[in-house]
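By convention in this document, chain letters (A, B, ...) are assigned in the order of the sequence lines, proteins followed by strands, and residues within each chain are numbered from 1. Since the structure is predicted, the reported quantities are computational estimates derived from the model, not experimental observations.
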Number of protein chains: 2
Amino acid sequence: MKNCECPGAEKLHGRFRGCGYRMTAGREAVIKVLQETQEHLSADEIFSKARVINPDIGLTTIYRTLEKLSMMGEVHKLDSGDKRGRFELANSGKGHHHHLVCSRCNRIIDYDDFIDDEVRLLKEMEKKLSKKYNFAISGHLIQFYGVCDKCK
Amino acid sequence: MKNCECPGAEKLHGRFRGCGYRMTAGREAVIKVLQETQEHLSADEIFSKARVINPDIGLTTIYRTLEKLSMMGEVHKLDSGDKRGRFELANSGKGHHHHLVCSRCNRIIDYDDFIDDEVRLLKEMEKKLSKKYNFAISGHLIQFYGVCDKCK
DNA sequence: CCTCCTGATGAAAATGATTTTCAATAAGAA
DNA sequence: TTCTTATTGAAAATCATTTTCATCAGGAGG
Ligand SMILES: [Mn+2]
Ligand SMILES: [Mn+2]
Ligand SMILES: [Zn+2]
Ligand SMILES: [Zn+2]
């Protein structure tokens, strides 16, 4: 595993170990799929792609790995409007970004334009809200809904 | 129906008619439940409360009414983290507000503090994003996640 | 009021994503 | 290599939501 071309893979490898978990072929496949895509994949889509890497992997393992990675804060689970969950790596090449969600085709588009202004406001809000509501804020979600260019 | 004490009920009544739909006892019950609660109810919870008003109503009608109201833009469907949807009237006494979502008990807390600053930024973002991504924005979602006071 | 056309409804069955069960397997520490 | 136990795949179970279908009732037009 010393020549892994997937940036971050080793880190995740270590994080699994650190939590008392084992790194397996299935988990590596899921992580690799997430690292190589630019999209926001569903469990089933991850399954298809992971099968190319590891033909014996089962859908159950996809769900279990995704769940584990979510708990570890390494993947974000998104809601695109259709009923299935969609996932993305929390620490990919893309930095902190938010989403435009198409109500027609459910596609999720990343944006990080003007994100600094957004984050600045968010930080202020967090401070004020957590004090007023005695609520320990650990994350936020911002998305805009509408119709994407392809669907117009 | 002239002495209805539920503000907005008549308006909704009219909106149904205007769309070629009928106003029925079931729909009135669902609307009443939504108007009287301060919480963010699930379909099943709305079902229980609606039954008190109209014992013969079925869960299916709850879903169908909620769906119709959503399409009409009269209710917002929320995602609280547990798997079922939660609903709130779009035009209730509460004005435009956003949410704090407890990751532990899934409770949804309304806030409208500092909402003006948020909305101002949102409007700017909308303008810039819709131009850059050729995306017709029709709504937004902002929520903060964390642990509520009761769960700490 | 009475009729008629259709939209609306409830019960039951179907759906579909996600979870659980369970016996078999394989990390990886020693 | 051994041994403990986390992990796995297949199949069954869940469970919120949707669909089907025969029946019912809103309300426009008489
Ligand atoms: Mn993204
Ligand atoms: Mn609310
Ligand atoms: Zn689209
Ligand atoms: Zn809570």
Student: Using a cut-off of 4.0 Å on non-hydrogen atoms, how would the nucleic acid contact of A:Lys68 be classed: base, sugar-phosphate, or nothing?
Tutor: sugar-phosphate
Student: Please state whether the phosphate of D:dT8, meaning OP1 or OP2, lies under 4.0 angstrom from any side-chain nitrogen or oxygen of A:Arg27.
Tutor: yes
Student: How many Å lie between CZ on B:Phe47 and P on D:dT17, as a whole number?
Tutor: 13 Å
Student: Under the ring-ring contact (aromatic ring centres under 6.0 Å, His included) test, which residues partner A:His76, sequence neighbours left out?
Tutor: none
Student: Rounded to whole Å, please give me the gap between CD in A:Glu67 and P in C:dT19.
Tutor: 7 Å
Student: May I have all residue pairs that pass salt bridge (charged side-chain N to carboxylate O under 4.0 Å, His left out) and include part of residues 134-150 of chain A, sequence neighbours excluded?
Tutor: A:Arg107-A:Asp149
Student: Who pairs with A:Lys77 by side-chain contact (heavy atoms from CB on, under 4.5 Å), at least two apart in sequence or on another chain?
Tutor: A:Phe87
Student: So what does B:Asp56 touch, heavy atoms closer than 4.0 Å: a base, only the sugar-phosphate, or nothing?
Tutor: sugar-phosphate
Student: Expressed in angstrom and rounded to an integer, what is the separation of B:Leu66 atom CG from D:dT18 atom C1'?
Tutor: 14 Å
Student: According to a 4.5 Å side-chain heavy-atom criterion applied to Ile, Leu, Val, Met, Phe, Trp and Tyr, with indirect links allowed, do B:Val101 and A:Leu122 form part of one hydrophobic cluster?
Tutor: no
Student: Quick check against the 3.5 Å criterion: does A:Ser42 have a side-chain atom that pairs as donor or acceptor with the backbone of A:Gly85?
Tutor: no
Student: For nucleotides 25-30 of chain D, give me one character per nucleotide, 5' to 3': B if any protein heavy atom sits under 4.0 Å from the base, S if the only such contacts are to the sugar-phosphate, - if neither.
Tutor: BBS---
Student: Does the side chain of B:Tyr63 get closer than 4.0 angstrom to OP1 or OP2 of D:dT18 through an N or O atom?
Tutor: no
Student: Find out if a path of hydrophobic residues (ILVMFWY) with successive side-chain heavy-atom gaps under 4.5 Å connects B:Phe114 to B:Ile109.
Tutor: yes
Student: Looking at the side chain of A:Arg64, which of C:dT21, D:dA16, C:dA12 is the nearest nucleotide?
Tutor: C:dT21
Student: Under 30°, 30 to 60°, or over 60°: which ring-plane class applies to B:His96 and B:His140, parallel, tilted or perpendicular?
Tutor: parallel
Student: Rounded to whole Å, please give me the gap between NZ in A:Lys77 and P in C:dA17.
Tutor: 13 Å
Student: Write down the distance between CG (B:Leu41) and P (D:dA16), rounded to a whole number of angstrom.
Tutor: 15 Å
Student: Take B:Phe87 and A:Leu59, find for each the nucleotide of DNA chain D with the closest heavy atom, and name the residue whose nucleotide sits nearer the 5' end.
Tutor: A:Leu59
Student: Using a side-chain heavy atom cutoff under 4.5 Å and only I, L, V, M, F, W and Y, what cluster partners does B:Ile115 have?
Tutor: B:Val119
Student: Distance check needed: D:dA16 P versus B:Asp79 CG, whole Å only.
Tutor: 14 Å
Student: Is the backbone of A:Val33 close enough, under 3.5 Å, to the side chain of A:Thr37 for a donor and an acceptor to pair up by distance?
Tutor: no
Student: Atom pairs under 3.5 Å, N or O on each side, protein against nucleotides 14-16 of chain C: can you list them with distances?
Tutor:
none

